[in-house]
There are 2 protein chains.
Amino acid sequence: MKIATFNVNSVRKRLPTVTRWLKTHAPDVLCLQETKVQDSEFPVAALESSGYVATFRGMKGYNGVAVLTKSAPDFVSEGLDKGPNGDGPRLLHVVVQGVVIVNTYIPQGFKIDHPKYQYKLQWFSRLRRYFSRHFDPHQPIIWCGDMNVAPLPMDVHHPEKHLTHVCYHQEARDAYHKTLNWGFEDVFRRLYPDTPQYTFWDYRQPDALKANRGWRIDHILATTPLAQKCTAVEVDVQPRKGKMPSDHTVLWAKFAI
Amino acid sequence: MKIATFNVNSVRKRLPTVTRWLKTHAPDVLCLQETKVQDSEFPVAALESSGYVATFRGMKGYNGVAVLTKSAPDFVSEGLDKGPNGDGPRLLHVVVQGVVIVNTYIPQGFKIDHPKYQYKLQWFSRLRRYFSRHFDPHQPIIWCGDMNVAPLPMDVHHPEKHLTHVCYHQEARDAYHKTLNWGFEDVFRRLYPDTPQYTFWDYRQPDALKANRGWRIDHILATTPLAQKCTAVEVDVQPRKGKMPSDHTVLWAKFAI
DNA sequence: GTTCTGGGGG
DNA sequence: CCCCCAGAAC
C-alpha cells in the first residue's frame, strides 16, 4: 500500500500537478491539505477521470482537506468533534483496505504570542484525545498531513534562527511529540534517521528551493504494527520544482500490506 | 508592410498568445490595447526575445497601449494632448518605415446615459482635431485599434437589439464616422464590403464564439494613398479560440509598401 | 467570464 | 511569492 501526503495550496490551482502525480505514482491513497475550496466546487470530475474517488471537506478560501483513494473508503468522518467547532476542514478520517487514515492540516499558529498559537497547541492535545477515544495503538493507523512542526533541528535550515517560529518553537514540538507518542512512529525518520530532507520551501524566501532553505513539516506517521511494514519513504521534490508549484511537495510511503 | 491590432486584455496574461502570434505571422507592427500594466512592469524582455521593440504607455489596472515593431520607431508620441488629461494610456503615435501609425483604445462609454459616454463621443472629436493638427490626409497614415464602435448593422449580431448599446448607438457611430471622414478608409470593408466578420466576443455571452455572437469593433483604417495599396486584410480568430483567450482577437492588414 | 484592485493570510 | 476574498470594470 502506497500512501502520500501533499499540501496543495489550492487543489484547483494544483489540479495538473495532482493528476500528473497520480498518473506517475499510482498511490493507493493521496491525502491533500489546504484544498481551499468549498465542497460544492471541489474538482470531483477531474480526479474521477484520473481513477480516484475523492473524499473532501473544505470551506471558502482557507484550510480544506481531501483523501483520494482508488475505491470508496469503507468509513468516513470529519473534524475533531461533532459540530461547528470540530474543525471539519482540518481533519478527515477514512478507512481504506482495513487501514485507518487520519489526514490533518494542523493550525499554523501565526506567532508564538498570538491566541492562534495556543489554538495550535490545543489542537495537538485534542487530536491525542481523538486517537485515544477512537483507536488503539495496536491497530494499523496512519496519521499524516501538514503538521506545521519541524520535529528536530535537522528538520529546518538554520534551526537556531527559528527558535521562536511557530513551526519549531519548543512548545509546538513538545505538543506534536506528545500526540505522536500516543503510539506513532515517523516513518521517514525510521528509514532515514540522519537524512536532512525538507517538504516545504517558503514562497517568500528568495531561492529557497535552489539554496534548499526549507522545512520538514509534512509527515507520515504510523502505529508500530504498520511502521514495521514500511518498506520505502520518499520526498518527491518534482512537484515543487515544476511550474505553478505549491510551496509544499509530496511525501509518500509504502507499506507491505 | 504587415500591421496588426489586438486588444489583449492584459499583456501579461496574454504574453504566450502574443509571442506565438508574432512568431507565426511576423508582422512589421503589432498594436496592442488594454495592456493593463504600468510601464515599469511591461514585459519588455519577453517581447525583445521575440525580436520586437516595444513602445508602450500604460497605467495601473486599466487601459494601456503598446506598439511592437521590428526596429525602434523614428518618432513616438503619447496621448491626445500634453499633460495629465491627454489620456496617454489610450493613444500611441509612432512613425515606422515612413508610415504614421496611431494606435488608439477608445473609451467604451459604459452606458449611453452616463457621463462616460459623453467622454467617448468627445474623444472622437478630439482625435479628429489631433489628426487635423498633426497630419494631412495625403500622407500615409494608419489609425488602428479598439474603437469600441461597430460601424454598420452587419458589424454586430442582432443589431436591432443593440440600438442603445454604447458600441452601436447612433451617436457613437456618427462620432466614429466623423473622425474617419477626416480622411480614412476602413481597409477591411474596402476589401470585403459585405462580409460579416467579428473581432470581439463577450466573455459573458455564453457560447458567444460558438454561436458567433460578436462585434466588429477593432479596426485598421488608412488614408487613401495607403488604403489603395492594401493587398490583404484578415481577422485571425485563432487567438480567441485558443486557451486563455482575450475577448478580442487579432486583425491584420498588408500594404504594398 | 476574465482581469484588474486592494486586503488578509501564510 | 502565491493563494484566497470581495468589488469594480468591461
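When reading the values below, keep in mind they use all heavy atoms of this one structure, side chains included, and skip hydrogens, waters and symmetry mates. The chains referred to below are lettered A, B, ... by the order of the sequence lines, with proteins before strands, and numbering in each begins at 1.
- Side-chain N or O atoms of A:Thr104 include none that pairs as donor or acceptor with a backbone N or O of A:Ile106 at under 3.5 Å.
- Judged by distance alone, with hydrogens and angles left aside, the side-chain atoms of A:Arg14 form a donor-acceptor pair with the main-chain N or O of A:Asn9 at under 3.5 Å.
- Without hydrogens or angle criteria, B:His114 side chain to B:Lys116 main chain gives a donor-acceptor distance under 3.5 Å.
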Do nucleotides 5-10 of chain D as a string where each nucleotide becomes B, S or -: B if the base has a protein heavy atom under 4.0 Å, S if just the sugar-phosphate does, - if no protein is that close. SS--SB
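- For the pair B:Trp201 CH2 and C:dT2 P, the computed distance is 16 Å after rounding to whole Å.
- Summarising the geometry, the separation between CZ on B:Phe200 and C1' on C:dT3 is reported as 13 Å, rounded to the nearest angstrom.
- Checking each of B:Val166, B:Leu121, B:Leu163 against B:Ile112 for a side chain to side chain contact (heavy atoms under 4.5 Å, CB included) leaves exactly one that passes, namely B:Val166.
- Sorted by residue number, the members of residues 14-22 of chain A with any non-hydrogen atom under 4.0 Å from DNA chain D read A:Arg14.
- Using cut-offs of 30° and 60° on the angle between ring planes, the pair B:Trp143 and B:Tyr176 is tilted.
- Counted by atom type alone, A:Asn7 and A:Glu34 present one or more donor-acceptor pairs between their side chains at under 3.5 Å.
- Under the 3.5 Å distance criterion, the side-chain polar atoms of B:His25 are left unmatched by any main-chain donor or acceptor of B:Pro27.
- Distance B:Lys13 NZ to D:dC2 C1': 12 Å, rounded to the nearest Å.
- Salt-bridge check for A:Arg204 with A:Asp202: passed, with a basic side-chain N closer than 4.0 Å to an acidic carboxylate O.
- Rounded to whole angstrom, the span from the OH atom of A:Tyr117 across to the P atom of C:dG10 amounts to 15 Å.
- Counting only distance, with no hydrogens or angles, the side chain of B:Asn103 and the backbone of B:Leu32 share a donor-acceptor pair below 3.5 Å.
- If you take CE of B:Met59 and C1' of C:dT3, they are 14 Å apart, rounded to a whole angstrom.
- Atoms CG (A:Asn9) and P (D:dC4) sit 7 Å apart, rounded to a whole Å.
- Spacing between atom CG of A:Asp146 and atom C1' of D:dC3 amounts to 15 Å, rounded to whole angstrom units.
- Here C:dT3 presents its C1' atom at 12 Å from NE2 of B:His248, a figure rounded to the nearest Å.
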